[in-house]
Amino acid sequence: MGARIPPQSLAARILAAVVVHGRYLDSALHESREQAGALAPLVQEMTYGVARHYFSLTAIAGQLLRQPLKARDEDIRLLLLVGLYQLRDMRTPPARAVNETVEAAETLGKPWAKGLINACLRHYQRDRERLEAAVAPTHTTGRMSEANRDSFTARSPRLHPEVETASKQHDETRTDHPRWLLEQLQAAWPDDWPAIVDANNARPPLWLRVNLQRTSRDDLVTRLRGEGIEVQTVDAPDSAILIDPPRPVEALPGFAEGLLSVQDIGAQFAAGLLGALPGERVLDACAAPGGKTAHLLERTPGLELLALDVAPERVERIRSNLERLGLSAVVRCADATDPDRWWDGRPFDRLLLDVPCSASGVIRRHPDVKLRRQAADLPRLRATQAALLESLWPLLKPGGKLLYVTCSVLPDENERQISHFLETHPEAREWPVRLPVGRARSHGWQLLPGETDGFYYAGLVKSSQP
């Protein structure tokens, strides 16, 4: 048996896959689970923590390094961030954190970096207060003060370009958000963006969805509390329970039996809003990983449901999730924008369209969004959303309903997308969406990160054939 790979080495490699190659963090973590073994939760904590605080950790590392590392040594830079995260935010004994991170450079094939990592981490230990003060966030209680908010937004147009660049970098450091996303949030939510930033940087709560085809919420809550697990419920949706403090879901009573699934409370509103009835023909057009598909079936037995996704590996996740929950649907690997290749000509009564988007509303669950997404991605995503609406609208029967969903908080992907569609399709009209949390927009309903994840919902009904 070979020597155990230090979790710090695995974490640095996984982060390099995200930062350098644009991989999804959860996918890269999944592929490393066999190597990580029993240390997989520790590797996940390190990688998610660094991704969540990437910009502030990078700024601290920049103070410690005498000169930037070369591009080929990005894994060493990321290993340094892992070490800093351990010292700053984890309960690892400091001596152990330093020693293990230093030794991890060896398993990355770069023993020369051991002295560098050691010097940087010990420097941080000695001078932590000063180093942290330079990157300290200006919002520490959930809301940024008016003065601090003004310091972000009231930029003088006469600033020298180099000063303006430094100022923008400082904004990224203080908020742990890329500048392009900050600008989008500030423009869309001038009063709410500080709270959105805080929510994005927080650890997500563990919301679960009860499989009401197999048990009742009351019975499952009683079972969980009997095991000493703290559980909270809400009035709506009636399938939702909150586990606080969170714990590994695989270890929860009932998970292996298919009695529950992980799904944020915000996402659990979709099935009720769509309002499908037994016997109706329903399309879930962008279904992976299958959470909303499963909820539709759990809520309304007897649906004729077709679930699509364009990626084969994601289609397998839909099938796997349905199998665990004891549910059945037709699942196909297909491009929803090309119905000629998969549609049988029979119109649908209901259509759930959870479109690809910036994921700007689910950053607390997927902090790598801040590292992978770029401003240049937004026009492509908007074009995809519009193409899906155009391609699937003809498949809806007269009187049928389409529920448009994103996990975004950006208006261009949400109400402006719906506004354009209504302007160009006179046979489409909006049906009102109302939820117990969130707020109405010019079209649709927006949930902001905090009480729930940041989802957007809008309903369209076809009044007649074009």
Side-chain angles (χ1 to χ4, degrees), residues 139 141-146 149 152-153 175 177 181-202 204-205 207 209 232-240 242 263-275 292 295 352-355 357-366 369 378 381-382 385 389 401-423 428-461:
H139 50 301
T141 59
R143 290 287 295 181
M144 186 177 290
S145 70
E146 293 292 335
R149 180 163 63 243
F152 277 82
T153 54
T175 63
H177 277 60
L181 181 54
L182 275 177
E183 291 173 348
Q184 290 277 338
L185 295 176
Q186 289 166 346
W189 304 100
D191 296 323
D192 299 282
W193 72 265
I196 294 173
V197 163
D198 282 353
N200 288 347
N201 289 338
W207 283 101
R209 186 188 74 245
Q232 299 176 36
T233 61
V234 291
D235 292 337
D238 61 3
S239 54
L242 176 67
Q263 189 176 46
D264 185 75
I265 185 174
Q268 293 187 45
F269 288 116
L273 287 173
L274 190 63
K292 296 182 182 69
H295 195 193
L352 177 61
L353 183 53
D354 188 354
V355 296
C357 68
S358 64
S360 54
V362 292
I363 288 173
R364 66 179 181 177
R365 297 193 187 279
H366 303 285
V369 168
L378 297 181
L381 290 166
R382 291 194 296 267
Q385 294 153 10
L389 279 166
K401 289 184 175 181
L402 181 153
L403 183 66
Y404 178 86
V405 186
T406 78
C407 54
S408 171
V409 297
L410 304 183
D412 283 350
E413 300 183 283
N414 296 343
E415 58 262 35
R416 290 172 191 155
Q417 191 75 264
I418 296 301
S419 177
H420 176 74
F421 187 82
L422 289 168
E423 289 171 1
R429 60 182 176 84
E430 187 174 3
W431 50 275
V433 170
R434 294 290 184 270
L435 293 172
V437 292
R439 63 192 70 186
R441 303 298 284 165
S442 58
H443 298 284
W445 193 268
Q446 182 73 61
L447 305 176
L448 292 179
E451 289 186 65
T452 74
D453 285 352
F455 283 92
Y456 171 81
Y457 291 103
L460 298 171
V461 62

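None of the values given here were measured: they were computed from a predicted structure.
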Engineer: Indicate whether any N or O donor in one side chain lies under 3.5 Å from an N or O acceptor in the other, for S360 and Q184.
Structural biologist: no
Engineer: Has the side chain of H420 got a donor or acceptor atom that lies under 3.5 Å from a matching backbone atom of I418?
Structural biologist: no
Engineer: Distance from E415 atom CD to H443 atom NE2, nearest 0.5 Å?
Structural biologist: 8.5 Å
Engineer: Would L460 and R429 satisfy side chain to side chain contact (heavy atoms under 4.5 Å, CB included), going step by step from the backbone distance to the final call?
Structural biologist: CA-CA 6 Å; L460 298 171; R429 60 182 176 84; over 6 Å; no
Engineer: Within this structure, what is the OG-CG distance for the pair S419 and D412, rounded to the nearest 0.5 Å?
Structural biologist: 11.0 Å
Engineer: Any heavy-atom pair between the side chains of K292 and V405 that's under 4.5 Å?
Structural biologist: yes
Engineer: Not counting sequence neighbours, list each pair that qualifies as a salt bridge (Lys or Arg N to Asp or Glu O under 4.0 Å) and has a residue in residues 401-410.
Structural biologist: none
Engineer: What I'd like to find out is whether the side chain of W189 reaches to under 4.5 Å of the side chain of Q446, using heavy atoms alone.
Structural biologist: yes
Engineer: Measure the shortest side-chain to side-chain distance between P436 and D235 over non-hydrogen atoms and say whether it is less than 4.5 angstrom.
Structural biologist: no
Engineer: I'd like to know if the side chain of Q268 pairs up with that of S239 as donor and acceptor (distance under 3.5 Å, no hydrogens or angles considered).
Structural biologist: yes
Engineer: Minimum heavy-atom separation for G266 to Y457, with atom names?
Structural biologist: O-OH, 2.6 Å
Engineer: Give me the atom names and distance for the closest heavy-atom approach of F269 to P237.
Structural biologist: CE2-CD, 3.5 Å
Engineer: R364: which residues meet the salt bridge (Lys or Arg N to Asp or Glu O under 4.0 Å) condition with it, sequence neighbours left out?
Structural biologist: D264, D453
Engineer: Side chains of V234 and L242, heavy atoms from C-beta outward: is any pair under 4.5 Å?
Structural biologist: no
Engineer: What heavy-atom pair brings L273 and R434 nearest, and what distance separates the two atoms?
Structural biologist: CD2-O, 4.3 Å
Engineer: Rounded at 0.5 Å granularity, tell me how far CG in L274 sits from CG in L402.
Structural biologist: 8.5 Å
Engineer: Check for a donor-acceptor pair, side chain of R365 on one end and backbone N or O of P205 on the other, with a separation under 3.5 Å.
Structural biologist: yes
Engineer: Taking all non-hydrogen atoms of both residues into account, name the closest pair between V369 and S358 and its distance.
Structural biologist: CG1-O, 3.5 Å
Engineer: For the residue pair S408 / T406, report whether a side-chain donor-acceptor contact shorter than 3.5 Å exists.
Structural biologist: no
Engineer: Could you tell me whether the side chain of C407 reaches within less than 4.5 Å of the side chain of C357, counting heavy atoms only?
Structural biologist: yes
Engineer: Can T175 and L182 be said to form a side chain to side chain contact (heavy atoms under 4.5 Å, CB included), step by step?
Structural biologist: CA-CA 8 Å; T175 63; L182 275 177; 3.3 Å; yes
Engineer: Where the side chain of E430 meets the backbone of G444, is there a donor-acceptor pair that is under 3.5 Å apart?
Structural biologist: yes
Engineer: Hey, does the side chain of Q417 reach the backbone of R382 with a donor-acceptor pair shorter than 3.5 angstrom?
Structural biologist: yes
Engineer: Is the backbone of L403 close enough, under 3.5 Å, to the side chain of W431 for a donor and an acceptor to pair up by distance?
Structural biologist: no
Engineer: Before you tell me yes or no, could you show the steps for L181 and W193 under side chain to side chain contact (heavy atoms under 4.5 Å, CB included), namely the whole-Å CA-CA distance, both residues' side-chain angles and the distance that decides it to 0.1 Å?
Structural biologist: CA-CA 10 Å; L181 181 54; W193 72 265; over 6 Å; no
Engineer: Are any non-hydrogen side-chain atoms of P190 and Q186 less than 4.5 angstrom apart?
Structural biologist: no
Engineer: Compare all side-chain heavy atoms of Y456 with those of Y404 and state whether any distance is below 4.5 angstrom.
Structural biologist: yes
Engineer: Go through the steps for V409 and L447 under the test side chain to side chain contact (heavy atoms under 4.5 Å, CB included), then give the verdict.
Structural biologist: CA-CA 8 Å; V409 297; L447 305 176; over 6 Å; no
Engineer: Using the side-chain contact (heavy atoms from CB on, under 4.5 Å) rule, pick out the option among N200, D192, V362, V197 that qualifies with P449.
Structural biologist: N200
Engineer: Tell me, do E413 and L381 make a side-chain contact under 4.5 Å, heavy atoms counted?
Structural biologist: yes
